Amino acid sequence: MRHEWAAFQRKCLLQNQLNKGLRPESMRRKSILGIILFFLALTLTILYGSVINIYIDNHQQLTYIKEGKVWKNSKFQPEKSIFSQSSEEYFIKPQNFYNPQTVIKRKNVPIFNNISTSQSQSTYEAIDILWLLFCSGLVFLMQPGFMCLESGLTRSKNSINVAIKNLTDFGISVACFWGFGFALMFGASYSGLVGHSNFFLATDVQPFDAAFFLFQAMFCGTATTIVSGAVAERMKFAAYLFVASVVSGFIYPIFGHWAWNGVDIGLSTGWLGQRGFIDFAGSTVVHSIGGWVSLAALLVIGPRTGRFPRDRPPEKIHGSNLPLSVLGAMLIWFGWFGFNGGSTLALNGQVAGIIVNTVLASVAGMMTALGIGWYIRGIPGVELLINGTLAGLVAITAACHAVTAFSAIIIGVIGGIVTMLVEEALEKIGVDDAVGAIPVHLGAGIWGTLAVALFGKAEVLGTGLSLSQQFTVQLLGVCAAFLLGFCVVYPILLITNKFFLLRVSREDEHIGLNVSEHHAKTEILDLFRVMNSQAMTKDLSLRVPVEPFTSVGQIAERYNQVMDALEVVTARNDAIIKVATDAIITFTKPGLEIISVNPSAETIFGYKSKELAGIPIYQIADFTINPLTMEKMDSDDLFRETKKLIVEPLKLWLNPNLISAPTREIIDACYKFDFQDIKPENWQSSFPSFIHLLEENLADTQTDLETVCKISIKRTCE
């Protein structure tokens, strides 16, 4: 027993030593791996265990329901429609296990056999279709909102790339969703896992089906564009299109089938929906899925250059146009009315309460993020307001139809807090989210999904589950989203990255994706290019192209005027320097390296300008002679002398012994150095020593120097 205890102690000691030697990068990777393994273990436990039982047999409908057989037993009765009931009766009355996410009643005869020759139909169904089309337009408005938000929160050199990605991913998502995404999501269910009908949806479908497809296509585009902001400024355009295709064509539709299949007929046939999973408008189906895919992509492509320096705290990369970002957030906010309000699939008594809850939750999230962020950071950050608002919207999306106004405020408050905590956690583990997509859509999305069980009214949810059972089902949905959105996507992207790099090169990232990916030129880019060329070539004759009637063009015009004046002055000075009889040397301040010499200096020192360029000036002019004592000085002596005297200019005398052809002017010459230039860390073994001279001692010093010094003329014959 004693030997076992000693072995255990040695093992613990060795483990502690290993832990102390771990580098920050290793700790970060282990933290990420630990989080992934935790979620994976939790998900597998829930799926494998017997915690979830099917408490409601009515939710288990056969697959053939989606084939249209349910219509045979349904008969539309106008007197029993929701418009003949009060809103209180509708909320309280059991829904006969119809999913409360829809109250559409279908006739056993199609209402539009031929669209062009159809007779007038009931106002009820016509209004529902009109409402669904209108909400589709509102959800589409979120797309330009995301474009403005992401463009403003990123640097101007990548703004065009961000805008194009938001436009292109919408086209890709709609195309993929029409071809096979809609079929996988809302087709006839195969064991509650995936749909297998309605591929390449026909154009002669019923009006409600067409409106429903359009509405869901807008949702698909929203889920896809979430990834765009997270990976901004470093992912290749082609790589992003690949990710958008995977999300819109497979990941989103498959999870949507699990949760929402049958929502259009009021019967849940997906395996999550059958178990009572509620996600009214997509806190998990849309937003968490987009967040999980974003996290997988960020772990593969890594952070932006300079975001996480090795020897410094994380650097914040500021956006280029925050007012544009605020406009984007407000457009998204407005579009969210259709996002949540249209999820009823009918213009019924729930719509008004849903929109009110949406507004209250978003306001609560915004005020919470503003207050806490202002208190902690000392400033009311714009990003805090934007992300807090969006966090409240994401959090309330899952339960906006089944909570009170006070509950909506609480959900929004906690959503704002969760977003801030997730943002801090991502920064600590080195995950660089350009616009905060993961904290907003994943963090608040998970919280909003779980909040359904905590705050949702049981009579409105209609699942028949207790609070603990409902919470377990909601947690199951969150874990299922993690498995599909992260555990499936991450290996795909990791393998793809081995054969086709998803990230742009460091050079392309430096010049910006506007130029490297799209060859898009801007006025500010042209200005920077000319300025860089002038800095590299020292050619002052270069001029910036001027685009009139623009702010950048006015800057370019003023810059050209400054360069004209500078070129004139420089030319005049060059002429004076070239004809001057005095030796004129220019050199760098920190290292005293010679930049240029005039012809007189070449004659005096016996070297050509090219030979002197780049060498320290103290190799041709000895500053180590103390003009007061005519003795050599070292750095320590100099340091002690300079501490005794406080004189603004430091007089540095030349040693005429090193001058090949000294003149009276050179003997009397001195160079004034700033006191801050004399730093012990700049001294080298061959670095000159300096000393202060008081103004009243200058005349005596010059006389002594002329008397004592022996001038030796040395010329090098070449």
Side-chain angles (χ1 to χ4, degrees), residues 28-48 184 193-194 220 222-231 235 239-240 242-259 272 277 279 282-303 394 398 418-419 421-423 425-426 428-450 474-498 502-503:
R28 184 178 64 193
R29 292 178 178 176
K30 288 183 178 295
S31 300
I32 297 174
L33 181 60
I35 294 173
I36 294 174
L37 292 177
F38 170 76
F39 275 104
L40 186 60
L42 180 62
T43 303
L44 294 177
T45 301
I46 294 177
L47 292 175
Y48 180 77
L184 296 176
L193 297 176
V194 67
C220 182
T222 301
T224 304
T225 200
I226 292 172
V227 186
S228 171
V231 302
M235 177 175 271
Y240 175 73
F242 169 73
V243 175
S245 302
V246 172
V247 174
S248 60
F250 298 99
I251 303 301
Y252 170 77
I254 291 176
F255 187 83
H257 182 93
W258 297 352
L272 275 176
F277 177 75
D279 187 2
S283 286
T284 289
V285 176
V286 177
H287 298 281
S288 289
I289 285 293
W292 284 122
V293 175
S294 300
L295 180 60
L298 289 179
L299 292 179
V300 173
I301 66 176
V394 173
V418 169
T419 297
L421 294 176
V422 173
E423 184 177 359
L426 291 178
K428 289 185 180 298
I429 64 176
V431 176
D432 179 21
D433 188 341
V435 300
I438 295 175
V440 169
H441 298 279
L442 178 56
I446 292 176
W447 155 244
T449 304
L450 299 178
Q474 298 299 113
L475 183 60
L476 175 63
V478 170
C479 295
F482 164 72
L483 281 176
L484 185 61
F486 182 85
C487 294
V488 173
V489 175
Y490 181 72
I492 293 176
L493 297 182
L494 199 62
I495 296 173
T496 304
N497 192 52
K498 297 294 184 182
L502 304 179
R503 180 174 179 144

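Side chains included, hydrogens not; waters and symmetry mates left out as well; all remaining heavy atoms used. Remember, it's a predicted structure, so these values are computed and weren't measured experimentally.
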From [X] atom [atom1] to [Y] atom [atom2], the distance as rounded to the nearest 0.5 Å:
{"X": "Cys220", "Y": "Ile289", "atom1": "SG", "atom2": "CD1", "answer": "11.5 Å"}
{"X": "Thr224", "Y": "Ile251", "atom1": "OG1", "atom2": "CD1", "answer": "11.0 Å"}
{"X": "Ile446", "Y": "Leu475", "atom1": "CD1", "atom2": "CG", "answer": "9.5 Å"}
{"X": "Leu502", "Y": "Asn497", "atom1": "CG", "atom2": "CG", "answer": "4.5 Å"}
{"X": "Phe255", "Y": "Leu272", "atom1": "CZ", "atom2": "CG", "answer": "5.5 Å"}

Looking only at heavy atoms, which two atoms of [X] and [Y] are closest? And how far apart?
{"X": "Ser248", "Y": "Pro253", "answer": "O-CG, 3.2 Å"}
{"X": "Tyr240", "Y": "Val227", "answer": "CE1-C, 4.1 Å"}
{"X": "Ala259", "Y": "Val285", "answer": "CB-CG2, 3.8 Å"}
{"X": "Ile226", "Y": "Ser294", "answer": "O-OG, 3.8 Å"}
{"X": "Ala398", "Y": "Ser283", "answer": "N-OG, 2.9 Å"}
{"X": "Ile301", "Y": "Met235", "answer": "CG2-CE, 3.9 Å"}

Contact between [X] and [Y] at the side-chain level, heavy atoms closer than 4.5 Å - yes or no?
{"X": "Leu298", "Y": "Val231", "value": "yes"}
{"X": "Phe482", "Y": "Leu295", "value": "no"}
{"X": "Leu299", "Y": "Phe486", "value": "yes"}
{"X": "Trp258", "Y": "Leu484", "value": "yes"}
{"X": "Leu494", "Y": "Ile492", "value": "no"}

Could you check whether the rings of His287 and His441 sit parallel, tilted or perpendicular, using 30° and 60° as the cut-offs? parallel
Thr419 and side chain to side chain contact (heavy atoms under 4.5 Å, CB included): which single residue from Ile438, Val394, Leu442, Val440 fits? Val440
